[in-house]
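Every chain is numbered from 1, with letters handed out A, B, ... down the list of sequences.
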There are 2 protein chains.
Amino acid sequence: MSWVTGAAGSAYGVHNLPYGVFRREAEQPRVGVRVADFVLDLGGAEAAGLVLAAGALGRPSLNDFMSLGRPQWTAVRQRVTELLTEDAHRADVEPLLVPLEQVELLLPFEVADYVDFYSSEQHAANVGQIFRPGQPPLLPNWKHLPIGYHGRAGTVVVSGTPVVRPTGQRATPEGPVVGPSVRLDIEAEVGFVVGVPSPLGSRVAVDDFADHVFGVVLVNDWSARDVQAWEYQPLGPFLGKSFATSVAAWVTPLEALGAAFVPAPDQDPPVVDYLRDTPHLGLDLSLAVEWNGERVAEPPFATMYWTPAQQLAHLTVNGAALRTGDLYASGTVSGPERAQVGSFLELSWGGTEPVVFADGATRTFLEDGDTVTITATAPGPDGTTVALGEVTGTILPAR
Amino acid sequence: MSWVTGAAGSAYGVHNLPYGVFRREAEQPRVGVRVADFVLDLGGAEAAGLVLAAGALGRPSLNDFMSLGRPQWTAVRQRVTELLTEDAHRADVEPLLVPLEQVELLLPFEVADYVDFYSSEQHAANVGQIFRPGQPPLLPNWKHLPIGYHGRAGTVVVSGTPVVRPTGQRATPEGPVVGPSVRLDIEAEVGFVVGVPSPLGSRVAVDDFADHVFGVVLVNDWSARDVQAWEYQPLGPFLGKSFATSVAAWVTPLEALGAAFVPAPDQDPPVVDYLRDTPHLGLDLSLAVEWNGERVAEPPFATMYWTPAQQLAHLTVNGAALRTGDLYASGTVSGPERAQVGSFLELSWGGTEPVVFADGATRTFLEDGDTVTITATAPGPDGTTVALGEVTGTILPAR
């Protein structure tokens with residue numbers, strides 16, 4: 001039981017404790033942990049000797065802390081829980097609690113490489129049906145390996161950062177034209193953040209997932225569908241994605257999600273050895289997509305075909321090194337129902353079936369000024385709920 | 001005229017002066033410049049007050065120096081030229097010259113994002129003919145925009161680093177199998193290194209190339225063709241490339257290549273506005289590929305369809321930010337003759353026409369223990385030759 005005001009019953013109670021980086025007024029950015037509607041200043045706590053983390057908590061990103069490894073992650077989480085629950089610590093700790101509205105939240109980690117997977121069977125099948133009608137919805141490789149590609153790490157931005165509508169080439173019957181994207185979309189995804197690196201030339205086994213991955217972060221992989229459709233053959237998405245990828249300001253540690261691991265969908269055909277995870281576990285995260293404040297979809301992450309452990313094993317089977325700060329995202333999360341899809345491409349079925357809002361307004365793709373917010377919850381211990389940090393962004397006109 | 005032994009007549013004379021990062025015995029890594037068969041210790045020179053660069057030359061990567069911008073790049077190059085040519089400086093500078101064989105050369109810059117283009121018309125057409133026989137060799141988008149994709153920045157390694165043969169999935173008539181790649185290939189490329197960043201949401205105009213790009217580096221984009229062929233639909237190359245990309249230890253500043261800029265091939269159909277560079281200039285770099293010491297190909301970079309300035313303008317037209325250390329590579333350099341191709345896929349025409357060495361040995365793709373070295377020269381001022389730093393690597397068996 002926490003002594004922090006509002007922690008009891010909160011989805012940001014002491015069972016959650018996500019990490020972020022914050023700044024208050026003229027202070028240097030530092031690591032904090034969220035509890036209820038406060039940020040616990042962990043940089044300050046470490047400076048005061050209340051918690052030990054090799055100086056990593058006073059840094060302007062989570063990377064140094066994430067590089068310490070799971071025993072240290074566990075120790076710091078246990079210590080923070082003590083500080084926030086034992087009355088003996090209240091006098092020392094309360095001055096380090098900063099109301100959320102007094103802080104600026106920054107990008108929580110320096111992104112090393114960013115990989116985006118394509119691991120929802122329903123999403124891949126929907127896209128296949130929209131773009132290749134009459135053909136098999138899944139390509140032959142899809143059930144044999146988690147398809148993925150590298151995105152642009154340098155344009156990963158923190159939740160709240162406005163997104164300038166990208167300009168680019170798109171195909172028209174009269175030939176390619178240049179202009180602002182007219183099919184600007186979202187992709188509601190879940191990202192995994194690597195803490196512990198691996199050396200070049202070695203592999204990370206599917207069972208070693210939790211030794212390397214620090215935590216989970218919501219992702220909106222903004223996508224210019226018209227740009228993407230014209231450019232992507234044969235080397236994949238490039239400028240249709242690289243203008244911005246938004247991530248939440250809060251990274252939820254895996255340890256907060258212990259009650260959320262659930263059996264993942266059966267895989268048929270059976271996967272090759274290096275992808276065989278026993279047990280085969282996904283995460284029961286319930287996502288919600290709000291478009292200008294109206295909830296338009298509820299993508300269920302538990303339906304994902306490929307698990308985060310499988311993705312990590314695949315990413316490294318060729319000997320690719322991991323670095324602290326590597327981010328890999330799930331790909332768009334789409335469930336079997338229309339109201340469970342994680343992109344507006346699917347929600348409007350390729351732009352042919354507009355979404356109608358409560359006030360009668362309609363949308364297929366994003367208009368300037370639109371705001372999209374993705375949230376998620378997961379089951380926590382003892383009947384609690386764990387909220388993931390939201391990821392939100394507003395579209396600015398093209399420049 | 002330089003007072004440095006061996007500089008006169010050398011392709012690494014004072015008209016060249018490429019930058020790298022080196023370490024001697026127990027010393028800290030620092031920036032150096034190559035002249036003849038020496039490294040001038042620029043970190044030491046800056047510490048001694050012989051050159052001014054805001055402390056950037058004592059750093060273990062070129063990034064801080066590259067971020068200073070062209071006026072500073074020019075000033076330091078002029079000063080280094082004075083130091084190496086004026087006898088008055090000889091007594092101070094000679095102790096800072098380290099024989100090349102006494103140093104370890106390190107990765108010269110921290111790679112931010114790595115983008116690989118596909119800008120040789122002949123290479124794209126060759127690949128099209130090998131993989132899609134009977135169909136048009138170029139896809140419809142190819143002459144409208146420089147096709148590219150993001151690679152893995154974290155596995156860019158310096159020349160000389162051994163390359164472990166990657167393991168992965170490949171398709172067989174009996175279904176996918178897992179094992180060491182059996183079609184391991186090279187891609188001889190030219191890379192461009194960004195010094196000056198650009199903000200998110202803005203574009204870099206095609207004419208602003210030289211304000212952002214610091215220099216040029218040879219690249220070998222090792223490729224597992226079997227892995228790539230099975231995985232690349234629909235999101236492009238991933239594990240077939242991400243195991244290693246080698247770059248030379250020396251970054252040749254653009255200013256050393258003033259005499260190498262030549263008109264690039266005419267573009268038909270005409271390109272859209274943001275890609276129109278006037279003048280339309282490529283670089284006259286003559287590459288050479290050595291396979292186990294035998295020269296097997298001489299790819300001519302001047303034949304590239306898309307220029308580095310066009311690639312940079314395309315990369316940012318959607319508002320993607322540039323960071324110091326961004327690396328973008330040309331894609332495989334292939335000229336019209338079989339002996340001018342930059343990949344073994346093309347040299348062996350999809351593995352159907354083995355390369356025969358002088359001793360009678362044959363090869364289609366790389367075997368364990370093979371070494372590939374890529375070199376290049378360019379015309380320098382006044383009839384001189386500029387050598388680019390070589391990029392070499394040896395294949396180790398799969399683990």
Practice item. Check whether any side-chain heavy atom of B/Pro234 sits under 4.5 Å from a side-chain heavy atom of A/Ile147, and report yes or no. Key: yes
Practice item. Could you check which of B/Gly151, B/Ala124, B/Pro162 has the highest count of heavy-atom pairs closer than 4.5 Å to chain A? Key: B/Gly151
Review point. Of the listed residues (B/Ala244, B/Ser242, B/Gly168), which shares the most heavy-atom pairs with chain A below a 4.5 Å separation?
Key: B/Ser242
**Study point:** Interatomic spacing from CG in A/Asp113 to CG in B/Asp113 - rounded to 0.5 Å
**Key:** 7.5 Å
Practice item. Apply the side-chain hydrogen bond (donor to acceptor under 3.5 Å, both in side chains) test between A/His150 and each candidate in B/Arg152, B/His150, B/Lys241; give the one that qualifies. Key: B/Arg152
Practice item. Give, for atom CG of A/Leu139 and atom CD of B/Glu231, the distance between the pair rounded to the nearest 0.5 Å. Key: 13.5 Å
Review point. In Å, rounded to the nearest 0.5 Å, how long is the span from CZ of A/Phe238 to CG of B/Leu145?
Key: 9.5 Å
Check your understanding: Is it the side chain or the backbone of A/Arg203 that comes within 4.5 Å of chain B heavy atoms, both, or neither?
Key -> side chain
Check your understanding: A/Tyr114 versus chain B, heavy atoms under 4.5 Å apart: side chain, backbone, both or neither?
Key -> neither
Check your understanding: Using non-hydrogen atoms only, which part of B/Val163 is less than 4.5 Å away from chain A: side chain, backbone, both, or neither?
Key -> neither
Study note, to complete from the structure: Interface check, chain B: of A/Gly319, A/Pro166, A/Gly148, most non-hydrogen pairs under 4.5 Å belong to A/Gly148
Review point. Looking at B/Gly201, B/Pro197, B/Gly175, which has the largest count of heavy-atom pairs under 4.5 Å with chain A?
Key: B/Gly201
Check your understanding: With a 4.5 angstrom heavy-atom cut-off, which part of B/Asp326 approaches chain A: side chain, backbone, both or neither?
Key -> side chain
Check your understanding: Hey, are the side chains of A/Leu239 and B/Val317 touching, using non-hydrogen atoms and a 4.5 Å cut-off?
Key -> yes
Check your understanding: Non-hydrogen atoms of chain A under 4.5 Å away: do they reach the side chain of B/Leu315, the backbone, both or neither?
Key -> both
**Study point:** Side-chain heavy-atom pair B/Gln169, A/Asn318 within 4.5 angstrom cut-off
**Key:** no
Exercise for review: Under 4.5 Å, counting heavy-atom pairs only, tell me which of A/Val164, A/Val227, A/Val177, A/Thr167 racks up the most with chain B.
Suggested key: A/Thr167
Point to revise | chain B contact via A/Leu200 - which portion, at a heavy-atom distance below 4.5 Å | key: both
Exercise for review: Measure the shortest side-chain to side-chain distance between B/Tyr149 and A/Pro237 over non-hydrogen atoms and say whether it is less than 4.5 angstrom.
Suggested key: no
Check your understanding: When you look at CD of B/Gln267, are more than 12 heavy atoms from neighbouring residues, nucleotides or ligands closer to it than 6.0 Å?
Key -> yes
Check your understanding: Do A/His144 and B/Trp230 come within less than 4.5 Å of each other through their side chains, counting heavy atoms only?
Key -> yes
**Study point:** Under 4.5 Å from a heavy atom of chain B, the part of A/Leu322 involved
**Key:** both
Review point. Under the 3.5 angstrom rule, does the side chain of A/Arg323 hit a backbone N or O of B/Thr155 as a donor-acceptor pair?
Key: no
Review point. If you count heavy-atom pairs under 4.5 Å between each of B/Ala321, B/Pro140, B/Ser202, B/Ala153 and chain A, which one has the most?
Key: B/Ala153
